[in-house]
Amino acid sequence: MPAPHRPVDSRPSLPAMEESVLERWRERDVFRASVTRREGSPPFVFYEGPPTANGRPGSHHVLSRAFKDIFPRYKTMQGFAVERKGGWDCHGLPVEIEVEKQLGITSKDDIERYGIAEFNARCRESVFTFLEEWDRLTERIGFWIDLEDAYRTLDSEYIESVWWALRQIWDKDLLYEGHKVVPYCPRCGTALSSHEVALGYRDVVDQSVYVRFPVVSAVGPISNGDSLLIWTTTPWTLVSNAAVAINPELTYARVEIKGDDGDEIVIVAEALVERVVGEGARILDRFLGSAIEDTKYDPPFSFIAGEEYGDRGHTVLAGDFVTAEDGSGLVHTAVAFGEDDYRLGAQYGLAVINPVKLDGTYDERIGEYAGRFVKDVDEDLVKALRDSGRLWRAQDYEHAYPHCWRCSTPLLYYAKPSWYIATTKIRDQLMAANETVNWHPEHIKHGRFGKWLEGNVDWALSRERYWGTPLPVWRSEAGEVMCIGSFAELEELSGVAVTDPHRPYVDDITFAHPQSGNEMRRVPEVIDVWFDSGAMPFAQYHAPFENQDVFERRFPADFICEALDQTRGWFYSLLAVSTLVQGESSYKNVVCLGLIVDEAGQKMSKTKGNVVAPWEVIDQHGADAFRWYYFTSKQPWDGYRFSVDAVGEGVRQFLLQLWNTYAFYVLYANAGEVVPGPVEQQPADDLDRWIISRLNATTEVVAERLDAYDATFAGRAIAELVDDLSNWYVRRSRRRFWDGDLVAFATLRHCLVTITQLLAPFCPFITDEIYDNLDGSEASVHLCDFPTVGVRDEVLEVEMAIARETVRLGLKARGQAKVKVRQPLGEAVIVAVGKEREAIERMADIVREELNVKALRFVSGADELGSLEIKPNYRSLGPRFGNQMPAVAAAVAALDTAQVGAALREGREIGITIDGQDHTIGSDDLLVAMAPLEGYEVEREGSHAVALDLTLDADLRCEGQAREIVHAVQSARKNAGLAVEDRITLGLAGDGGLLDAARTHEAYVSGETLATAISFDDDQGTVGVVESTTIDGAQLRITITAVAPA
RNA sequence: GGGCGAUUAGCUCAGUUGGUUAGAGCGCGUCUCUGAUAAGGACGAGGUCCCAGGUUCGAAUCCUGGAUCGCCCA
């Protein structure tokens, strides 16, 4: 009869095993089968947040892909149809930057000289540079997703769906062109959206300056010649100072300062006098800001005349945004360079004068500084202010300043025309949609994400770039504007079929306005890539042009998962687009993942050289280990301190433990040619019933936790089960396995197979390998249904826990007494009452064997081993007595322990008197512990204790020696390289006492060591492996000869 | 400056609705067990639960303030 199972190496190469499983998946087309077999079942919808493939995948990508995989696998096993369409984010500045690097060019002029068509062709290629590596990694880590049918944001169909969405937004009058101050990257030549700005803050030291603005036409209680003191951290904006803003409600002070060069008078906010002017200042007058409105002053630079700004140029204006928190309480206003500035300018009709060109340099109006990058001019301007006597003070100012997230150029705030989506008008809907989402962790919902929505600003949609979805807006010189919602519509208007909707081809498509006949040309902008990805729920299916039914079936998503940094990225764009277009959230459950840092807590970066490449981990430990680490080492949202070794720990502690339990089963099943039947529901043996109950308990927990998107506690519950299985069930049941006990085999096999099903979503490789070898009734464990919860015996679970605790106490007592477990002892004396005693009595065989004692003797009180200690149970008494607890504790301490012990044993209640009131307390209200007793080998814990009778008689000593001999022979067998089932003949020689012991227990020795015969002659005539050893100082010579199998 | 989160043993992390002796794994030391297991078990060393106040009979846990770190926003 052939062996029932493939033999299993007890020291496996997990990565090699995984490769063979991958091969089997390919052969059997398991992923596809797992999806198609659920066709027609209720769907569970997952949306893939598309990565950009123009960089190598890192370990953080493995993190998100592991979590993106586990829940769809779980739901599939639960019977849901879980289609998983892959996706790629293809557009955007990162791609352009990469191509610019390849081409060695650095500006938009360069790109246009190079040619937009050719440039975009390069971008298209670049996007998929590392696609092969992405695909290879995706497959290797067992991330099941349909890569062949992945959506790509660059496809014409995808773009058309995006156009459709924009047209919906246009029709709702929520798409507009605004003239706004935007964060602008002068190098990339484009405005950045707020979520892009969020990516690039870094701490920098800038010059901050206090500057005198002399009053030339005073209003209110100030005089000509006084100086308005203003503060700014951007000296380069002073050249286009248009006005000074004050808060009309704030109190200002007119301050006299004695100086070496004479006295002077300055105006600052009263609250800031000390900070700005310092000591020695004399406040001459106090007044509200409104009192000095309209005051005219002399600007710091005269490149641009005051009249150019309009009537209110170079005057003091009221602005409610001004505070006394920093600076001077008087705010320099440069209309083109700040959001508040711009709004103030609009309010007072100031002209927008922007002397800074799109490349970030001054134009010819700024005289000697023309042509220089503005940030580089800061220092020269400060010097000029000092020379002209305008500078009050200059100091370094460290603050976080936004930089371009791709090219690191400091951003400028800059008034530019730009296209917006009026998300502020649907803020309430966005917040309502957010309420329908389950966030993991919970605090994101009303914390980070909720707060972000509360502070929502209009979505700056347009980018003056090349490689992106073109903004489908056409307009005439007369100002007529149309938003095109489909290729068909454009073709109908223009007569030109859209072949490639990208620039520059789409730019060439023009048409006559249907009414006026004016020529309509497309605006030059492309759109924010985040809109692309936010449109994926419908755009991935080319809905509504095709597959509208598919889209509707798969909207919204049940589950999405990305890293925390997507709060303002994809999480926002998905919610915003679907709220704009569909009026609701496009996802129901989100798992947010934290950042990965190295062992030292440092962010991983290429420049620091501390990046752990995913392949390194996979080659060393395998994909299951990688995934297991992410799932169970901690809750995923707080980030990981990650290293290759950290993954290895999980291999040793969990995967190898599971594997070796499996290897153990196969070893003995094959050795005994055992093919167990189905597991019994209620086996007779307590251990069998216990492990099955534990299995069912774990199944319940795992399903409950996975339903709550909590892989961590689900995984840890499985690890506990595997530990119980390996270190208690198998350990306690070994003899039954080598005796060929079919019930034990059936139980262990059932546990292992069920564990593979519970664990399959976590560790898809090792589980499939084990399943395939032990069961294999499906082509893969991933085609199985998730296990259902069977019968539990919670009483038995508790009893086993008590028995294990008792064993622990007994072993501890042995350790204290320095008596080896191999030496049998006569008696263990156990103190336990009530349920504990019942539990230990029921488990007496286990306790006796584990402790290697001949008998257990129970004593029900403390009489022999110590006295009782009674303590109040605060947990139950606290809520009842509240602030009387100190009195209760005192009353309990005053009780007679012997009487209380007797009362509790008989189930009676105890009376106590608190503040003259009588109360009764029961056994649950008291904690009974054993008090220590000097001079006895007793170990106690809580209310039970174990003591050992250490007296050894000749029989016990003899049996101990026999066990020593068995142990020595087993070591020799192992050293000789024998298989566990090999039979031997055994020769023993040496110390007479030892030989006597072996003779006395000959049947035991030969049975344990599989010896067909034992000879006690010295090694004459035997041929075999000889080993010498000493037992308690006595010599023993062992000769082993393998017996040829019959 | 504001928001969110974090801070528990040398390291990585748990810690239930507040309950009086704060746990686990790794690492270290001493023992021990072994017909699966580079495994397991027992014991030991190792903690001002970031700090300071407060609430409470009782705080790692709740509140306030502060420190440090991370992310985000100005």
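In this text, all values refer to a predicted model and were calculated from it rather than measured experimentally. So you know, we letter chains A, B, ... as the sequences are listed, proteins then strands, and number each from 1.
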Measuring to OP1 and OP2 of B:G19, would you say a side-chain N or O of A:Arg875 lies under 4.0 angstrom away?
yes

Nearest-angstrom distance from the residue atom CG of A:Leu14 to P of B:A39
15 Å

Need one value for A:Val730: base, sugar-phosphate or nothing, where a base atom within 4.0 Å counts as base even if backbone is also close, heavy atoms only.
base

A:Tyr668 vs B:G35: side-chain N/O to OP1/OP2 distance below 4.0 Å
no

Report each atom pair, protein N/O against N/O of nucleotides 30-34 of chain B, whose distance is under 3.5 angstrom.
from  : atom 1 : to       : atom 2 : distance (Å)
B:C33 : OP1    : A:Arg822 : N      : 3.4
B:C33 : OP2    : A:Arg822 : NH2    : 3.3
B:U34 : OP2    : A:Arg822 : NH1    : 2.4

What's touching nucleotides 54-62 of chain B from the protein side, N or O pairs under 3.5 Å?
from  : atom 1 : to       : atom 2 : distance (Å)
B:C57 : OP1    : A:Asn883 : ND2    : 3.4
B:C57 : N1     : A:Gly882 : O      : 3.4

Using the six-membered base ring of B:G35, report whether A:Trp738 stacks on it, requiring centroids under 5.5 Å and planes under 30° apart.
yes

Result for 5'-nearest mapping on RNA chain B, choosing between A:Lys451 and A:Asn727, is A:Lys451

B:G10 and B:A45, which share atom name C1', separated by this distance in whole Å
12 Å

Base, sugar-phosphate or nothing for A:Thr661? Non-hydrogen atoms, less than 4.0 Å.
base

Rounded to whole angstrom units, what separation is found between the CH2 atom of A:Trp637 and the P atom of B:A6?
12 Å

d(A:Ser733 OG, A:Trp728 CH2) to nearest 0.5 Å is 10.0 Å

Flag the pair A:Tyr662 / A:Trp659 as yes when their ring centroid distance falls below 6.0 Å, and as no otherwise.
yes

For A:Leu658 and B:A36, give me the distance from atom CG to atom P, rounded to whole Å.
17 Å

Work out how far the P atom of B:C11 is from that of B:U16, and round it to whole angstrom.
22 Å

Per nearest nucleotide of RNA chain B, the residue lying toward the 5' end, A:Gln635 or A:Phe664, is A:Gln635

Select base, sugar-phosphate, or nothing to describe what A:Thr1009 touches, counting heavy atoms under 4.0 Å on all strands.
nothing

From the options A:Asp341, A:Thr234, A:Thr237, A:Thr232, select the one residue that forms a side-chain hydrogen bond (donor to acceptor under 3.5 Å, both in side chains) with A:His332.
A:Thr237

Which is it for A:Arg716 and A:Asp723 under the salt bridge (Lys or Arg N to Asp or Glu O under 4.0 Å) test, yes or no, and what are the steps along the way?
CA-CA 11 Å; A:Arg716 288 176 181 176; A:Asp723 190 66; over 6 Å; no

Apply side-chain hydrogen bond (donor to acceptor under 3.5 Å, both in side chains) to the pair A:Asp458 and A:Thr424, showing each step before the final yes or no.
CA-CA 5 Å; A:Asp458 284 352; A:Thr424 47; 2.5 Å; yes

Counting Watson-Crick and G-U wobble pairs whose two distances are both under 3.5 Å, find the runs of 3 or more in a row that involve RNA chain B.
B:1-7 with B:67-73, B:10-13 with B:23-26, B:28-32 with B:40-44, B:50-54 with B:62-66

Gap in Å between the two P atoms, one belonging to B:G18 and one to B:G29, rounded
42 Å

Hey, does the side-chain of A:Glu1008 have a donor or acceptor N/O within less than 3.5 Å of a partner on the base of B:G35?
yes

Exercise: do A:Tyr668 and A:Asp739 side chains pair donor with acceptor under 3.5 Å:
no

If I pick the P atom on B:A14 and the same atom on B:C50, what distance separates them, to the nearest angstrom?
14 Å

Touch class at under 4.0 angstrom, heavy-atom based, for A:Phe713 against every strand present
sugar-phosphate

